[in-house]
Amino acid sequence: MTTTTALPKQYDPSEVEPRWLRFWLENDFFHADEAAAKVPYSITLPPPNVTGSLHIGHALGSTMQDVLIRWRRMQDHNAMWMPGIDHASIAVHVLIERQLKRTESKTRQDLGRDEFMRRAWEWKDKSGSRISEQEKLMGFSLDWPRERFTMDDKSNRAVREAFVKLYEEGLIFRAKRMINWDPASETVVSDLEVDTADEPGKLWEIVYPIVGGGTITVATTRPETMLGDTAVAVHPDDPRWAAVVGKQVELPLTGRLIPIIADGILAKAEFGTGAVKVTPAHDPNDYECGLRNHLDSLQVIDLKGRMCAPAPAKYVGMTVDKARAAVVEDLEAAGALGAVKDYKVPRGRSQRSGAVIEPMAMDQWWVKAAPLAARAVEAVDGGKTRFVPESHTKTFMNWMTNIRDWCISRQLWWGHRIPAWYCDACGTVEVSRTDLTACRTCSKPLRQDDDILDTWFSSALWPFSTLGWPEQTRALKTFYPNNVLVTGPDIIFFWVARMMMFGLHFMGKVPFKVVYLTAIVTDENGDKMSKMKGNVIDPLDIIHGATIDKLLDRATAEGAPDAAIKTIKKNLPKGIEAMGADALRFTLARLNTGSARIRLSVERVDENKKFINKLWNASRFALMNLDGFDPERFEAQLATPAGRAALGVSERWILSRLQAAAADVDTALEAFRFSDAANTIYHFLWDSFCDWYIELAKPSLQVPADAGEAVEPARAARRHVVQGVLAYVLETTMRLLHPFAPYVTEEIWQKLPKPPQLPGSLMITKFPYRDATFVDPAAEAELQFVQDVVGAARMLKATYNLPSSQLVDIEVRVPNDGKRATLERFADAIEKLARSRPKIVASGAAVPGAATTVLGSDVELVLPLGGLIDVPKETARIQKDVAKCDKEIAAIDKRLENPEFIANAKDGVVDENRARRADEVARKAALQDALRTLGAVS
RNA sequence: GGGCGAAUAGCUCAGCGGAAGAGCGUCGCCCUUACAAGGCGGUGGUCGCAGGUUCGAACCCUGCUUCGCCUACCA
């Protein structure tokens with residue numbers, strides 16, 4: 001067969017990638033059959049938000065998942081990667097509300113619940129598949145026919161089932177407790193959705209007059225809440241205030257009488273004045289205090305974050321901030337204000353809206369977390385689920401052992417409505433798997449709970465709800481538990497913890513055996529990527545490229561500040577060149593060393609684009625030289641020991657290196673060391689295959705122009721072997737690299753001549769493995785020696801600024817017969833690679849005016865330079881080497897002269913040191929000879 | 001306040017008990033017909049500081065310093 005294929009010098013991903021994506025999808029290669037008789041391997045993709053767009057964090061996590069899935073699939077596992085999308089309750093809710101306000105100046109209440117939901121679904125149907133399309137571009141081999149949505153019918157059913165079951169078991173309940181209220185979104189949010197940070201504030205002292213004489217001064221950072229005070233508390237052991245406990249104070253601005261109580265609310269009696277105001281309705285600590293002391297609870301802040309009755313009418317309607325200023329002013333006027341000082345106040349803000357969270361006591365639905373968490377702790381302790389990196393285990397365990405109940409109700413509309421019905425007539429509460437209309441006890445109409453569930457409730461069921469639960473499906477049996485979960489450390493608590501709890505509870509088994517937590521991708525300075533900063537790297541821009549104008553227009557449209565625009569102009573003056581999904585994927589893998597942060601930049605991706613291009617050109621070279629190659633014949637030759645023995649040393653060497661690379665990649669992937677795996681391939685391909693093997697192969701591939709049909713048989717056979725190894729190594733390397741860079745490898749693989757029985761796509765071939773038949777230490781040693789000699793010759797020439805193209809004569813003195821034979825065998829290669837014609841001898845006399853170097857202990861390279869020699873320079877260089885020898889010998893002697901070293905060192909270490917010392921001594925002697933020769937010249 | 005992690009070449013990072021490594025940068029030489037998005041060579045490090053364990057420490061232990069990232073109801 002003939003395979004002269006003209007390929008462009010530069011690889012063009014934009015032409016190649018869509019073609020193979022279509023091919024894979026059309027052939028259903030991403031789909032796994034749950035009934036297949038193979039070892040299952042499953043991963044569930046963390047479902048991205050339906051509002052989302054693929055960002056670099058997704059790209060990282062999903063690339064690692066795809067590497068694992070493609071790798072296992074090629075190892076003949078039944079590899080299934082579950083795709084899906086999350087309904088992102090609050091994000092969509094806010095989006096639709098905002099749209100409504102902008103286009104129709106309406107609120108959701110104006111629209112009504114049903115119409116609001118209709119619009120939300122309309123939006124979802126139109127825009128909800130965007131991120132899936134982007135995932136496809138990245139080449140992610142997700143099992144698309146299985147794709148799910150957290151609000152599809154099956155998920156809804158799973159959510160209902162889970163809720164009702166937990167309710168029946170007493171693990172879901174409704175109760176009035178202190179919650180975090182987001183006054184902007186007007187919903188409760190969980191503790192996790194609150195970001196607490198110290199913000200500058202003040203600590204005010206307020207003087208409360210005690211009925212019957214005297215005053216008591218309290219300290220607070222929230223003076224406006226004094227309008228809702230129902231007590232003043234002092235520490236029970238504080239002698240200063242013992243006498244006033246039980247008395248009443250008259251609350252300024254309101255005139256209400258409230259008691260002074262002794263309570264342990266103050267952790268430290270010495271705080272401030274030793275007395276604090278107690279506002280049970282608006283502070284978690286005060287709430288607890290109120291319960292302990294049976295205090296009234298006066299809510300003076302409403303759901304919009306404004307003051308309300310029973311606060312005095314003057315303040316009603318004011319925002320909290322305004323009320324604070326007004327109260328302080330009025331207190332001062334009333335002479336009730338004490339000292340005021342600047343103070344750092346820890347302030348909770350809603351992650352979603354940024355609004356200051358108001359703690360309030362409200363009726364909400366809760367999941368009783370402790371018993372569920374206990375099982376998760378037990379499972380991790382027992383090694384059923386393992387965290388990678390391991391350090392995250394402690395974080396998880398800490399959280400789980402101190403877990404608090406999970407508030408799951410939300411006052412929003414887009415989401416799973418809570419399946420609880422109330423009878424206003426008789427007070428019955430029913431929780432049901434099916435919708436209810438009439439009360440079971442009094443037959444009156446029922447009212448369904450208005451609230452919906454926290455988005456994370458359905459996410460917690462995801463690893464099994466996607467497989468059909470609560471039905472006992474075949475898919476569930478095959479793919480649960482998942483082998484791995486890959487996600488970001490930021491959602492360990494939100495998601496991982498809850499999947500663990502629900503998985504163990506409903507399935508009786510952990511949802512995944514390994515939790516691999518990815519790094520955070522930052523910009524090159526280590527700063528978090530943010531549109532506001534202008535340092536975002538968008539995966540799609542990397543794939544397709546983006547002009548500077550496009551980048552700037554988009555940033556402007558997104559409302560980025562001037563500083564961000566400036567940053568973009570500075571960092572990417574020419575925009576971004578199209579680099580393809582492969583380059584991005586390979587970059588992410590190489591940078592993923594296991595450290596907590598990955599600093600990414602366009603330059604980093606560009607380096608790997610160069611690697612892809614290098615690979616492309618190596619393949620071009622091979623394809624240009626495979627005329628007349630017969631893959632079946634070569635395969636037959638490789639299959640027999642005699643055939644393998646007929647290979648040349650270079651061939652045995654590269655095959656040995658190749659299988660070592662395959663072994664290293666396998667080991668690295670087993671341990672989730674993506675960077676090591678990618679780097680192994682990078683170095684094998686570039687350093688071993690391109691820099692050495694291809695160069696060594698070239699002479700054998702050449703067909704003399706005048707040879708015609710009359711190429712001598714030995715030469716033709718040799719050519720065929722070299723062609724075979726070129727093709728074989730490339731083909732195998734494509735398999736190794738495929739999980740990381742699926743597109744370019746498929747493109748090249750398809751073009752390579754290969755035995756006909758292989759499958760129709762690289763992605764369903766077998767992954768390479770450590771293969772003892774190709775291990776060849778002798779060939780490795782020989783090639784290492786040849787490389788060292790070539791390197792030394794190049795170094796000598798470079799030292800004297802001889803053009804690397806200039807052919808020189810060089811004397812190589814090698815006392816060892818075997819090594820000399822190696823050099824004889826590679827003399828032509830050395831001449832070609834170092835442009836140095838070697839004269840190989842066992843020993844030789846001093847050559848005046850020559851530059852000399854010593855390789856190891858006994859190999860000398862002598863480059864005659866005649867008058868060109870720079871004696872001082874050469875002397876200095878060799879003396880530097882001698883000094884190195886001396887230093888090394890001294891260090892080894894120190895060890896060897898220490899009896900304890902001889903007595904205690906591990907096996908072989910002492911001998912190794914002795915051998916090394918002998919080498920160094922010999923090397924030094926050779927170097928000194930060279931110095932003497934130099935001296936003879938001057 | 002508590003926890004975790006990091007500190008190694010100019011930069012980004014591997015190495016985690018027995019001779020200091022890679023990529024990028026930098027400086028030379030080469031357009032050697034696969035690739036100039038390339039080839040070859042060089043330069044560059046008391047492995048944060050101070051103790052300790054060990055025959056031997058970048059690596060293990062202790063303390064300190066400086067940076068990250070989590071986490072927390074000090075009014």
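Chain identifiers are assigned alphabetically (A, B, ...) following the order of the sequence lines, protein sequences preceding nucleic acid strands; residue numbering begins at 1 within each chain. Just so it is clear, the model here is predicted, and its values are computed rather than measured.
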### Query
What is the minimum heavy-atom distance between A/Gly274 and A/Arg240, and which atoms define it?
CA-NH2, 3.6 Å
### Message
Just to be sure I understand the rule, does A/His683 reach a base, reach only the sugar-phosphate, or reach nothing, if contact means heavy atoms closer than 4.0 Å?
### Response
sugar-phosphate
#### Entry: Distance in angstrom units between A/Ile598 CD1 and B/rC13 P, rounded
10 Å
### Query
Between A/Ser595 and B/rA14, does any side-chain N or O lie under 4.0 Å from OP1 or OP2?
yes
### Message
Just N and O in the side chain of A/Arg599: are any of them under 4.0 Å from OP1 or OP2 of B/rC13?
### Response
yes
### Query
Over how many whole Å does the gap from A/Ile206 atom CD1 to B/rA75 atom P extend?
14 Å
### Task
Ignoring backbone atoms, establish whether A/Arg916 has a side-chain N or O less than 4.0 Å from OP1 or OP2 of B/rA19.
yes
### Message
Can you see if the side chain of A/Asn904 gets near the phosphate of B/rC55 - specifically, an N or O under 4.0 Å from OP1 or OP2?
### Response
yes
### Query
Taking the side chain as C-beta and beyond, is there a heavy-atom pair between A/Leu730 and A/Phe689 under 4.5 Å?
yes
#### Entry: d(CG, A/Asp687; C1', B/rG23) in whole Å
11 Å
### Task
Establish, with yes or no, whether the OP1 or OP2 oxygen of B/rG39 is under 4.0 angstrom from a side-chain nitrogen or oxygen of A/Lys614.
yes
### Message
Just N and O in the side chain of A/Arg404: are any of them under 4.0 Å from OP1 or OP2 of B/rC73?
### Response
yes
#### Entry: Nucleotide opposite B/rC4 in a Watson-Crick or G-U pair, distances under 3.5 Å
B/rG68
### Task
Ignoring backbone atoms, establish whether A/Thr593 has a side-chain N or O less than 4.0 Å from OP1 or OP2 of B/rA14.
yes
### Query
Should A/Asn180 and A/Glu193 count as side-chain neighbours, where that means a heavy-atom distance under 4.5 Å?
no
### Task
Name the orientation class of the two ring planes belonging to A/Phe396 and A/Phe387 (parallel below 30°, tilted from 30 to 60°, perpendicular beyond 60°).
tilted
### Query
For the residue pair A/Asp527 and A/Thr522, what are the closest heavy atoms and their distance?
O-CB, 3.2 Å
### Message
Regarding A/Pro359, tell me which of base, sugar-phosphate or nothing describes its non-hydrogen contacts under 4.0 Å with the strands shown.
### Response
nothing
### Query
When all nucleic acid strands are considered with a 4.0 Å heavy-atom cut-off, which category describes A/Glu288: base, sugar-phosphate, or nothing?
nothing
### Task
Using a 4.0 Å heavy-atom cut-off across all strands, classify A/Phe493 as base, sugar-phosphate, or nothing.
sugar-phosphate
